[in-house]
Amino acid sequence: MIRSLLLVAFLALPGTAPAAEESASSAPTAPVEQTGSKPASETASAADGQPEAAPPPLERYRTPWEALSERLIGTASRAVRFDWRQKTLGLGLLGGPLLELNNFSSAQAGAFVRVPLGVVMGDLAITRVFTWGSQSTDQLALTPYRQAGRPSRFDLDFNVALPLAEGVVTARPGFFPPTELVFSLDAGLRYSFYPGGFGGMGFGDVVKALFSPGLSDQERANLEDERLPGMEVDAARYNLLVGGSLDIYFQSGGFIAPRVMVAVPVLSGLSKSGLGWWWELTLGLGWML
């Protein structure tokens with residue numbers, strides 16, 4: 001009984017209460033979840049009175065490389081060493097043989113003007129054609145046989161070239177600069193003029209003959225003195241030619257233009273031509289302005 005009273009009195013003493021409180025405060029407490037709280041760095045900055053750092057201005061434009069690799073980043077432009085489409089016109093000289101597949105030889109020499117017309121190149125050429133014979137011609141003249149041919153004359157050409165392939169090439173030998181190479185499909189209409197063909201004809205007959213697809217009987221009679229032995233003057237005044245050209249442009253503006261053309265006898269029925277298919281090889285040298 002006395003021991004119980006002593007225990008109650010000891011617990012009632014003032015020094016025992018803080019010990020109990022200290023034991024209670026040292027006990028672990030459960031974490032409290034905070035919603036809408038800021039990071040510690042931002043809280044510290046706000047506590048120090050400094051403004052929050054703004055994101056970089058280009059941040060919203062950044063795209064991961066994985067996404068860029070699946071997009072169309074850009075397009076490659078056509079490689080151009082010399083842009084002939086931006087030029088006004090070109091001037092040049094040309095020459096080459098005509099292979100009419102007969103016993104007479106012909107070659108031409110003249111000048112031309114070429115003008116870019118959007119996606120095509122147009123040119124106008126005037127040439128002097130020289131025709132001469134050979135030993136075969138003299139032997140042919142000893143027979144009653146006559147072969148279709150054309151004496152010396154002037155030719156006026158209207159040509160259009162459509163580029164099919166072009167690009168920058170490196171030439172050899174190495175001292176040649178890089179050039180612009182243009183391969184084109186060509187088509188042209190040729191008008192042949194014989195200076196001595198209109199002799200003794202009236203003004204109306206001359207005008208009519210100028211636009212006729214073939215030479216008149218009077219014109220062919222006038223050309224008898226100009227034809228070669230064994231030649232029968234071909235009546236064609238117009239010729240349609242098709243072929244290809246390979247223009248080589250230098251950076252300075254100069255160019256070389258070899259061309260191969262073949263005459264297509266689509267107008268033979270109107271002009272009563274006997275030449276049929278024949279070839280032409282020309283080489284042009286010029287300058288674009």
Side-chain angles (χ1 to χ4, degrees), residues 93-115 117 122-134 137 140-141 144-161 186-243 259 261-282 284:
L93 303 175
L94 62 85
L98 281 73
L99 310 178
E100 295 183 346
L101 307 180
N102 52 24
N103 289 289
F104 314 104
S105 300
S106 299
Q108 62 179 342
F112 66 90
V113 177
R114 56 172 48 185
V115 180
L117 303 174
D123 73 72
L124 173 65
I126 181 170
T127 57
R128 173 64 173 174
V129 180
F130 303 93
T131 303
W132 65 93
S134 63
T137 305
L140 180 65
Y145 179 74
R146 294 294 177 263
Q147 192 173 40
R150 295 182 292 177
S152 299
R153 61 197 179 277
F154 287 95
D155 283 345
L156 184 64
D157 292 277
F158 304 89
N159 301 309
V160 176
D186 293 56
L189 181 65
R190 172 167 299 173
Y191 179 87
S192 297
F193 173 73
Y194 298 89
F198 298 133
M201 298 176 60
F203 178 77
D205 293 334
V206 172
V207 174
K208 181 180 179 180
L210 285 174
F211 298 97
S212 174
L215 301 179
S216 63
D217 293 339
Q218 181 64 40
E219 290 178 274
R220 298 176 70 177
N222 293 336
L223 296 176
E224 280 294 316
D225 295 336
E226 299 184 18
R227 70 174 180 84
L228 295 174
M231 174 186 290
E232 179 184 356
V233 178
D234 191 77
R237 192 190 307 274
Y238 295 95
N239 288 276
L240 178 65
L241 296 94
V242 297
R259 182 170 61 188
M261 303 285 278
V262 59
V264 183
V266 295
L267 302 177
S268 299
L270 296 176
S271 61
K272 298 179 181 180
S273 173
L275 284 177
W277 299 80
W278 51 271
W279 294 84
E280 174 187 271
L281 308 176
T282 58

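Keep in mind that the numbers below use all heavy atoms, side chains included, and drop hydrogens, waters and symmetry copies.
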Is [X] reaching over with its side chain to a backbone N or O of [Y], donor-acceptor style, under 3.5 angstrom?
X	Y	answer
S106	T131	no
D234	G274	yes
D186	M261	no

With T282, which residues qualify under side chain to side chain donor-acceptor pair (under 3.5 Å), at least two apart? none
Sequence neighbours left out, what passes side chain to side chain donor-acceptor pair (under 3.5 Å) with S271? Give chain and number order. none
Starting from the C-alpha separation in whole Å, work towards a yes-or-no answer on side-chain contact (heavy atoms from CB on, under 4.5 Å) for R150 and L275. CA-CA 9 Å; R150 295 182 292 177; L275 284 177; 3.6 Å; yes
For the residue pair [X] and [Y], what are the closest heavy atoms and their distance?
X	Y	answer
L99	W278	O-CB, 3.3 Å
Y194	S152	CD2-O, 3.9 Å
F112	A125	CB-CB, 3.7 Å
D155	S192	OD1-OG, 2.9 Å
S134	N103	OG-O, 3.7 Å
V233	P151	CG1-CD, 4.2 Å

Taking only residues at least two apart or on different chains, which pairs with a member in residues 262-281 satisfy salt bridge (charged side-chain N to carboxylate O under 4.0 Å, His left out)? R190-E280
Give me each pair satisfying salt bridge (charged side-chain N to carboxylate O under 4.0 Å, His left out) with a member in residues 213-224, each pair once, sequence neighbours excluded. E219-R237, R220-E232, E224-R227
Pairs flagged by ring pair (Phe, Tyr, Trp, His ring centres under 6.0 Å) wherever residues 202-235 is involved - sequence neighbours left out: none
Just jot down the salt bridge (Lys or Arg N to Asp or Glu O under 4.0 Å) partners of D123, sequence neighbours excluded, or say none. R259
Report the C-alpha distance between K208 and S216 in whole Å, list the side-chain angles of each, state the deciding distance to 0.1 Å, and finish with yes or no for side-chain contact (heavy atoms from CB on, under 4.5 Å). CA-CA 10 Å; K208 181 180 179 180; S216 63; over 6 Å; no
Chi angles and distances behind the side-chain contact (heavy atoms from CB on, under 4.5 Å) call for L215, L223: CA-CA 10 Å; L215 301 179; L223 296 176; 4.1 Å; yes
Taking atom CG of L210 and atom CZ of F193, what is their separation to the nearest 0.5 Å? 7.5 Å
How long is the gap from CG on D157 to CG on L124, to the nearest 0.5 Å? 8.5 Å
Within a radius of less than 6.0 Å around CH2 of W279, do more than 12 heavy atoms belonging to other residues, nucleotides or ligands occur? no
